[in-house]
Each structure stands twice: as structure tokens, then as C-alpha cells.
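Presented below is the structure to which this report refers.
Just so we're clear, the structure is a prediction, and the values are computed from it rather than from any experiment. Keep in mind that the numbers below use all heavy atoms, side chains included, and drop hydrogens, waters and symmetry copies.
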Amino acid sequence: MEHLSTLNQEQKNAALHTKGPLMILAGAGTGKTKTITHRIFHLIKEGASPDSILAITFTNKAAKEMEERVMTLLESDAAFRHSGAKRPFVSTFHRLGVHILRNHGEAIGIPKRFTIFDKDDAVRAVKAAIAEAGLDPKQFEPGRVLNTISRQKGELTTAEMYAENAGNDYYPRIVSDIWRRYERILGSEHALDFDDLLLKTAHLLKTNDAVRDHYAKRWQFVHIDEYQDTNGAQYAISRILAKEHGNICVVGDTDQNIYSWRGANLKNIMNFEKDYPDARVILLEENYRSTQTILAAANDAIKKNTMRKDKTLFTKNIDGEKIGVYTAYDEADEARFIAQKTRERIRDGVEPRDIAVLYRANFQSRALEEAFLNEQVPYQVLGVRFFERREVKDLISFLRAAQNPDSLSDVKRIVNIPPRGIGKVTLAKMFSADEANLPPAATRSVAAFRVLLERIREAAATEPVSYTLKFIMRESGLEEYLRNGNEEDRERLENIRELVTLAAKYDGFPPEEGIEKLLADAALASDQDELSTNQNAVKLMTVHAAKGLEFDHVFVTGLEQDLFPHRRIGSAGVSREEEEEERRLFYVAVTRARKKLYLTCASLRTIFGARQVNTPSEFLIDIDPAYVEEEMSSGDSFGGKIVYLDS
């Protein structure tokens, strides 16, 4: 079969297995996306309707890449090109939830134009619920409470179910009360949070026969990527959608399960053969990304884990350079070495964008950023999302408030942007039907604000998305206000103009559909989406954020006991499951590198203001010394010296 000629034998076997359940255990860099996309292409070549195929992955970046590669294959086929056939449905789990709930959510009381709360929105709503309960947000930190709620929703637990199981335990009872108030806030604003997109979708599919049958019959072939990262809700959705035809293909790697802290359940992939007794299992072990030396180090590290499906990565690539190991005096020396080494590599012709620096905890970026600034090396810290910038969220809130006037959080955000003289008392009366008692000036301001929202709503219903955003900028007075401000304001103006530029890609849709897609994309944007700007700079990020990415040169930093592998402050011990996840995280870090890998540690490190002596990470000891070489600092530092202090 010519269309499968570029696949290796195991990849081809996976593409050819089109009936019944299939599990593809795909090691890092083994061409899993190529395998899935060619499998989809093969299904269509064999007569499957493109819109009978569903492919779900976890990140926007991965979904976009998969869809583009599928369409490239299909467009290369003359029969498809002239058929006018629909496309396969390629999406993330959360976007799938948005799609199903927008179309059928009214069956369970969800309005078609619901607002999606991003993490910041949800934290603010939880904080409001804590205040409403008369509790101190310093004692009951909103982010921590939201994480508890999120984990529960991910396992298909509702607020009512949690309340029933709370018993007399103090913290669960407090969380239950806050959760109940949080749900009331969501309901009053016609909003869903990220976890609701999965929880409500699973509930709808479980309880509504017509909706379940519609999608189960439509999607005859279900593909789930990164299956090791599924939580309870994603697992349930996958099972429901695949039940009608039984053609489910899951792709994953037990060695890359690194998200248990946000609900990913390793048992879902470990138990696949129990769930589907007639499943076929195919291993992809040939790595096309890394040198043999890098893979040997990765294999050395991961083989100590016991909760895994056994496999060993190999490659036909060259042995490559040895792994550079640098023992720094402290975090400043470590950062200086990394910045100087990246500068050397860039001087030798390496593009900055092809270099990544990975760390276990966000606090490590501070010393690194300082060193990169001193060495004048261009860098980008992954984690500052475009859609999280204040001015961008302001413009998005104008759109959301116009579409959903009951969204108190959006109205509160923009009611005085730019300043309109509407204070807290006026705002409270706006939402308590007490506007009749407002002074005349406040009444006029509120009326003008409501007219503005109505005009935005009218524009959004008839005009392209980019025009509507320009309309908001102009008619709200925000554009003029920022133009006449200081340098920071003018930079903010450039950011909202960039939003208008970005929004032009939605102009091809009917206006209201384009608005919905923009709002969904804004709410569901992830850290990795920032890479699409292709800024030519060294990337600094956590190992978790690096999952799914690859770079020619990779630095893995902070390889010290209790930092990487990580031990939470105040933790009495680490469970076997936590130990193995830390090892999997190291494996993910190592396998991001194509050509050259550096591993660094510091003898001294300041953490939470305390200077402490460190022991090198056990992960360094696991690697065969034949694969490594000691690096020396090229600058004026304490490089290469291990420091021992008298106790």
C-alpha cells in the first residue's frame, strides 16, 4: 500500500488494524502522530467517511498539528480533494466538550451561550464563595480549594455527591459549603469552568440516550492520544463514545504519565486490556528524535520503575555527543554556566529557538533569567500567556459581557474601563435591581454602559469578529485612553491590536460562530500555544510544560535530591507512586533532546530564603558513566567544585 510506505513495520501494523480495540504503546519520539494520521488516512482510503472519525489529544498544539497532518495527507489524494467530503473531527477533550455542550447542553439546563471560566475567573469565583461563607481566604486559599474541586470533578464527583461523602470531617465540610456557593455563582453567570466541560459532557452522554446515540453512531472510529493522561471524566467519555462500534484506538506511554497531580490515572492505560479483552497491543520503540547516547541514558533511568508496560527505546541515529554534566557551586553559578553555554552554541550557529532549559519548579527561573539578561542571550519564559494579559482579557470581557449580560465577573472587570465613574455601590445596585435609587449622574453612566454593550452585541451578530473588536476598542474609549497614556499603556494598546490581528482568522465564519470560537480559544489557551509565535529565543520552562516538545539542545537543571526528584516542603515521606512519577518526569525531560543533553546541579541552593547543602540527584547516579562527560565553566565561577560545609 503506497500510502503507508513511509511507515516502519510496527507503525504499519497499527495503521492496518482498523477493526476492534487497539492500544499503541508509543515511546518518546517514535512517530506516534505520524502513525495516527496515517491510520486515519488509511481508514478513509478503505471507505470510512471522514466525519465518522474522531481523534482526541490533550493540547491545542498537538491537536492543530494532528489536524494539519491529516489534511495534508487527504489533500494529496485526488479522490478526496474533489469529493467535497467533510473532515475528521480532531480536537482536545475540552474542545470536544464545548462542541457537544453548545449543541446539546440545553438538554441538561446549560444555555447555548454559556461563558467558559478560565483559571483566573474560577479562582476569583471561589474567592467570592469563600467571602460569602464568611471565611478567611488566607486560611482557605482559593487556589487550593479550586484544586480540590477540580480533582473531584475530574473523577465525575458533583458538589452534591461530595457533600454526601463529607461526613463530619472539618476540611471536606468547609470545601463542600464553598463548592455549593461556587456552583451558584457559576449558575448565576451562565458559566462553566474547565472541569465542567468534561463533567457535564460525561453526564449528558450518560443520561441522555438521544445525544449519546447521536455521537456514538456518528463516530465509528475513536482515537485517543496520550491515554496515560486521562482522568475519570475523559476515560468515561472515551468509553461511551466507543461502545457502539468498539473501534477504539488509544495511544500512550506508561513512562510519560506525569500529571497525577491534576487527576491523570495511570490505571486507565494499564487496565486497557482488561477493559477490552480482545484488544491488540502494538509497541513503537524505534526513536527517530534522539541520539543513541541520549536514549541509553533515558532507558537507564526508566527501567527502575515497576508500574509500566515494558519497552526499550532504540534508534538508528548516531551515538552523538556525550551528556554534559555540570556541578555548580550554587544556583547563580549553575545559571551562569547555562547562559554562557547557550551563548557559545548560538555563536556556533545554533538557533536560539532550538535550545531549551527545563526545571522542576517555577522558582528556578529567576536565577536563569538574571543570567540570560547578563549574558545578553534572548530567552522566552513559557507560562506568560497572551490571553492572560490584562488588556487582552479586558477586550475579551467586553465581548463576553455583551453576549452574556448576566456575567457579573465580566461586567465588574470592564464597567470602569476606561473610567466611567461607576463605583462599587453603583455596581451592587446594578445587579440587585435597585438602579432606581441611583443618583442622576450614576444613572446616566449605567445607561450609557448598557447601551454600549447592546451596540457591541448588535455588531457581533452581523459583523466579522475583527471588526467587532475594533468597534469595542473605538466605542468603549479604550483605544484613545491607552494611546494617550504612558509607555506601558501604549504597549498594552499594541497587545489589543495584536488580538484584532489574531481575530481575523475567525472572520471566515458566520459572525456569532466566529465569536464563539474566539472566546473558546481564549479560555482554553495553554502555555504551549505561546510557542506558535515562533519567537527566536531560548525557551525556559518546567519539565511538565515541555511534554510533547523537542529541541536540539536541552539543559535539565536542579538535579538535586528533594528538588528533582522533588519532595514537597514539610512532606514526611514520598510514596512509591510519587517516586516513580518523578522518575517518569526525568525520562520526559531527557527525551526532549535531539542532539545534546546537559544535566546540571548545584552544591548549594537557596530555597524559601534558606541556604542548604544538596546531594546530587539519584537520577545522575543511574546513568552509566560511559555516556557522560564533566563540563567545566567557561566563566569566572566556582564551576566543577563540590562544596562540603562543616555541620
Side-chain angles (χ1 to χ4, degrees), residues 10-26 30 32-58 62-63 66-67 70 87-97 99-100 154 156 198 201-202 204-206 209 211-254 256-257 264-284 309:
E10 291 307 305
Q11 292 171 335
K12 189 178 295 184
N13 291 342
L16 291 171
H17 183 90
T18 58
K19 297 294 183 183
L22 170 67
M23 177 164 66
I24 304 172
L25 290 174
T30 56
K32 64 169 183 149
T33 303
K34 180 177 182 178
T35 305
I36 299 171
T37 53
H38 278 75
R39 185 178 194 272
I40 291 171
F41 185 40
H42 178 68
L43 284 167
I44 295 169
K45 292 282 284 185
E46 291 293 297
S49 173
D51 63 353
S52 71
I53 299 171
L54 174 69
I56 300 297
T57 188
F58 272 75
M66 188 180 294
E67 183 173 31
V70 167
R87 299 180 172 198
F89 193 101
V90 182
S91 174
T92 63
F93 268 108
H94 289 90
R95 288 178 190 277
L96 173 67
H99 174 80
I100 292 175
L156 299 177
L198 304 178
T201 299
L204 174 60
L205 293 172
K206 280 185 171 185
D209 293 345
V211 176
R212 179 177 62 250
D213 291 346
H214 169 76
Y215 287 108
K217 287 176 179 173
R218 171 185 169 184
W219 289 318
Q220 299 174 34
F221 302 93
V222 176
H223 301 76
I224 309 294
D225 190 16
E226 305 286 8
Y227 195 65
Q228 79 280 350
D229 290 335
T230 52
N231 63 17
Q234 292 156 339
Y235 171 80
I237 292 168
S238 305
R239 295 270 286 170
I240 292 168
L241 293 177
K243 188 174 183 180
E244 177 79 14
H245 300 282
N247 299 322
I248 182 170
C249 169
V250 305
V251 187
D253 182 4
T254 53
Q256 296 189 70
N257 170 264
N265 192 339
L266 186 60
K267 291 180 181 178
N268 293 345
I269 192 168
M270 294 293 287
N271 293 337
F272 184 80
E273 292 159 276
K274 292 181 181 178
D275 291 338
Y276 302 93
D278 56 338
R280 182 174 180 184
V281 179
I282 293 175
L283 269 64
L284 301 186
K309 300 277 188 179

Once you round to the nearest 0.5 Å, how far does [atom1] of [X] lie from [atom2] of [Y]?
| X | Y | atom1 | atom2 | value |
| --- | --- | --- | --- | --- |
| I40 | E67 | CD1 | CD | 10.0 Å |
| L22 | N13 | CG | CG | 10.0 Å |
| K19 | F221 | NZ | CZ | 4.5 Å |
| T30 | L283 | OG1 | CG | 9.5 Å |
| I237 | T230 | CD1 | OG1 | 10.5 Å |
| T254 | M270 | OG1 | CE | 6.5 Å |

Does a donor on one side chain and an acceptor on the other come within less than 3.5 Å for D275 and Y235?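 On atom types as modelled, these side chains qualify, holding a pair under 3.5 Å.
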
E226 and K32: side-chain contact (heavy atoms from CB on, under 4.5 Å), yes or no, with the steps? CA-CA 10 Å; E226 305 286 8; K32 64 169 183 149; 2.7 Å; yes

Over all atoms of both residues, closest heavy-atom pair of [X] and [Y]:
| X | Y | answer |
| --- | --- | --- |
| L156 | A236 | CD1-CB, 3.8 Å |
| S52 | S49 | OG-O, 2.6 Å |
| A233 | A202 | O-CB, 4.4 Å |
| A63 | S91 | CB-C, 4.0 Å |

Is a donor on one side and an acceptor on the other found under 3.5 Å between the side chain of [X] and the backbone of [Y]?
| X | Y | result |
| --- | --- | --- |
| N247 | Q220 | yes |
| Q234 | N231 | yes |
| Q228 | D253 | yes |
| T57 | D225 | no |

Apply side-chain contact (heavy atoms from CB on, under 4.5 Å) to residues T201 and L96 and explain how you reach the verdict. CA-CA 9 Å; T201 299; L96 173 67; 5.6 Å; no

Report yes if the side chains of [X] and [Y] come closer than 4.5 Å at any heavy-atom pair, otherwise no.
| X | Y | value |
| --- | --- | --- |
| K267 | K274 | no |
| I269 | N257 | no |
| M66 | H223 | no |
| K243 | R212 | no |
| I36 | V90 | no |
| R39 | C249 | yes |
| I44 | P88 | yes |

Establish, for the pair R95 and F89, whether the NZ or CZ atom is under 6.0 angstrom from the six-membered ring centre and no further than 45 degrees off its axis.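 That pair does not qualify as a cation-pi contact.
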
Fit a plane to each ring of F272 and Y227, take the angle between them on a 0 to 90° scale, and name the class: parallel (under 30°), tilted (30 to 60°) or perpendicular (over 60°).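 Perpendicular.
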
For side-chain contact (heavy atoms from CB on, under 4.5 Å), just list the numbers for T35 and V251, CA-CA rounded to whole Å, side-chain angles, deciding distance to a tenth of an Å, and then say yes or no. CA-CA 10 Å; T35 305; V251 187; over 6 Å; no

Worked check of side-chain contact (heavy atoms from CB on, under 4.5 Å) between L241 and I224: CA-CA 11 Å; L241 293 177; I224 309 294; over 6 Å; no

